[in-house]
Amino acid sequence: MTATPPIVAPSILSADFSRLEAELAIVDPARDWVHCDVMDNHFVPNLTFGPIVVGAVRKLTRATLDVHLMMERPWLMVDEFRAAGADHITVHLEACRETREVLRQIRATGAKAGLALKPATPYAAIAPYLPDLDLLLVMTVEPGFGGQAFMPEMMDKVSAARDLRAKKNLSFVIEVDGGIAEDTARTARAAGADVLVAGNSVFRATDARAALAGLRAAIAG
Ligand code: DX5
Ligand code: ZN
């Protein structure tokens, strides 16, 4: 299912997995993506899920599945995540050795290829890969956990990527991930973000459906 930017991507990391079907029912496949955070307890100090759960999510929604791999040696599992139903597969620059080869491998599966950078990784490290990307993921918290505070200083990376995209006529989308609520969503959107991942502000809200609608409205127009 395709959505056009600006897009909100609720992150199931903050959802109640005992009632995932009901949690995912708030997602509108025509407008939203579903963000799946894969953590391996090596690349980040937390452990979540793998292709089995991504496959279950695939059965529960027609929305674009945006799979964020916070894992070492991600290239070993690209095919499995694609087979499970991932539409986008994003790997971390810090976890790759042959980055271009990993991006090519993702594209060869038919998935869109994304590259993520941690807060400490400078824009200059990712800039050479921008022509090879479908998606750039700028982390706005330290990867590993939901519910952390947004780092506004990451907006320089977002704006630099947006400016380079315009200058070189490239077409990757820019996603921000971490600490997104209505106020920070507006900040990130103004800096150039096209896709806003939101975990706690959606799934830990009293009314998740209303929270998602509020985020959509905050970045509309
Ligand atoms: C953090 C994950 C995020 C996380 C964001 O490592 O990559 O996708 O779900 O959660 P919030 O929106 O609560 O900061
Ligand atoms: Zn994420």
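Nothing here was measured: the structure is a model prediction, and the numbers come from that model.
More than 12 heavy atoms of other residues, nucleotides or ligands lie within 6.0 Å of CG in Leu76, so this atom counts as buried by the packing criterion. Other residues, nucleotides and ligands contribute only 12 or fewer heavy atoms inside 6.0 Å of the CZ atom of Arg73. Other residues, nucleotides and ligands contribute at most 12 non-hydrogen atoms within 6.0 Å of the CD atom of Glu21. No more than 12 heavy-atom neighbours from other residues, nucleotides or ligands sit within 6.0 angstrom of CD on Glu98.
Side chain of Thr140 to main chain of Gly178: a donor-acceptor pair is present (N/O by atom type, distance under 3.5 Å, no hydrogens or angles). Counting only distance, with no hydrogens or angles, the side chain of Glu23 and the backbone of Ala15 share no donor-acceptor pair below 3.5 Å. A donor-acceptor pair under 3.5 Å is absent between the side-chain atoms of Thr61 and the main chain of Val57, judged by distance alone. Remark: the backbone N or O of Pro29 is not paired with any side-chain donor or acceptor of Arg62 at under 3.5 angstrom. Glu94 places no side-chain N or O within donor-acceptor distance of the main-chain N or O of Leu117, the cut-off being under 3.5 Å. The main-chain N or O of Gly144 is found under 3.5 Å from a side-chain atom of Asn46 such that the two form a donor-acceptor pair. Ser159 places a side-chain N or O within donor-acceptor distance of the main-chain N or O of Met155, the cut-off being under 3.5 Å. In terms of modelled atom types and a separation under 3.5 Å, the side chain of Lys112 and the main chain of Ile106 share no donor-acceptor contact. Looking only at distances, a side-chain donor or acceptor of Gln105 sits under 3.5 Å from a matching main-chain atom of Trp75. Using a distance-only test at 3.5 Å, with no hydrogens or angles considered, no donor-acceptor pair links the side chain of Lys118 to the main chain of Val138.
For the 3.5 Å distance criterion, the side chains of Thr64 and Asp87 fail to qualify, holding no donor opposite an acceptor. Asn200 and Ser14 share a side-chain donor-acceptor pair at under 3.5 Å.
Pairing each heavy atom of Pro119 with each of Met139, the nearest pair is CD-CB, 3.9 Å. Nearest heavy atom pair, residue Asp32 against residue Ile26, reads OD2-O, 4.3 Å. When all heavy atoms of Phe203 and Ala208 are compared, the pair lying nearest together is CA-CB, 4.5 Å. In terms of heavy atoms, Val202 sits closest to Pro10 at CG1-CB, 4.5 Å. A pairwise comparison of heavy atoms in Gly179 and Val141 identifies N-CG1, 3.8 Å as the closest pair. Considering all non-hydrogen atoms of both residues, Ala9 and Val195 come closest at CB-CG1, 4.1 Å.
Using a 4.5 Å cut-off on side-chain heavy atoms (C-beta onward), Thr90 and Val67 make no contact. Residues Leu24 and Ile12 have side chains in contact (heavy-atom distance under 4.5 Å, counting atoms from C-beta outward). Under the 4.5 Å side-chain criterion, counting only non-hydrogen atoms from C-beta, Leu65 is in contact with Val54. Residues Gln148 and Glu142 have side chains in contact (heavy-atom distance under 4.5 Å, counting atoms from C-beta outward). The shortest side-chain heavy-atom distance between Met77 and Val38 does not fall under the 4.5 Å cut-off. With contacts defined as side-chain heavy-atom distances shorter than 4.5 Å, the pair Leu215/Ser201 qualifies. Here the side chains of Leu47 and Met39 are not in contact, with every heavy-atom distance at 4.5 Å or above. Put simply, the side chain of Ile126 reaches to within 4.5 Å of the side chain of Tyr123, judged on heavy atoms.
Note that CG of Asp177 and CE of Met154 are 13.0 Å apart. Values are rounded to the nearest 0.5 Å. Ile89 CD1 to Leu103 CG: the interatomic distance, rounded to the nearest 0.5 Å, is 11.0 Å. Note: Arg189 CZ to Thr184 OG1 = 14.5 Å, rounded to the nearest 0.5 Å. In this structure, Thr4 OG1 and Asp194 CG are separated by 10.5 Å, a value rounded to the nearest 0.5 Å. In this structure, Glu101 CD and Arg97 CZ are separated by 12.5 Å, a value rounded to the nearest 0.5 Å. Note: Ile174 CD1 to Leu135 CG = 9.5 Å, rounded to the nearest 0.5 Å.
By the rule that hydrophobic residues join a cluster once side-chain heavy atoms approach within less than 4.5 Å of another member, Ile180 and Leu136 end up as members of one cluster. Linking ILVMFWY residues whenever their side-chain heavy atoms come closer than 4.5 Å, directly or via other members, places Phe81 and Val78 in the same cluster. Residues Phe43 and Val53 do not share a hydrophobic cluster, defined by chaining ILVMFWY side chains whose heavy atoms lie under 4.5 Å apart. Note on Phe17: it clusters hydrophobically with Val27, by side-chain heavy-atom contacts below 4.5 Å among ILVMFWY residues. There is no path of hydrophobic side-chain contacts, each under 4.5 Å, that joins Val34 to Leu13.
Note on residues 140-186: no pairs pass ring pair (Phe, Tyr, Trp, His ring centres under 6.0 Å), not counting sequence neighbours.
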Q: Assess whether side-chain contact (heavy atoms from CB on, under 4.5 Å) is satisfied between Glu72 and Asp40, documenting all intermediate values.
A: CA-CA 7 Å; Glu72 302 286 358; Asp40 68 348; 3.7 Å; yes
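Among residues two or more places apart in sequence or in another chain, the salt bridge (charged side-chain N to carboxylate O under 4.0 Å, His left out) test is passed with Arg204 by none.
Taking the charged nitrogens against the carboxylate oxygens, Arg107 and Asp132 have no contact shorter than 4.0 Å, which rules out a salt bridge.
Here His68 and His88 keep their ring centres 6.0 angstrom or further from each other.
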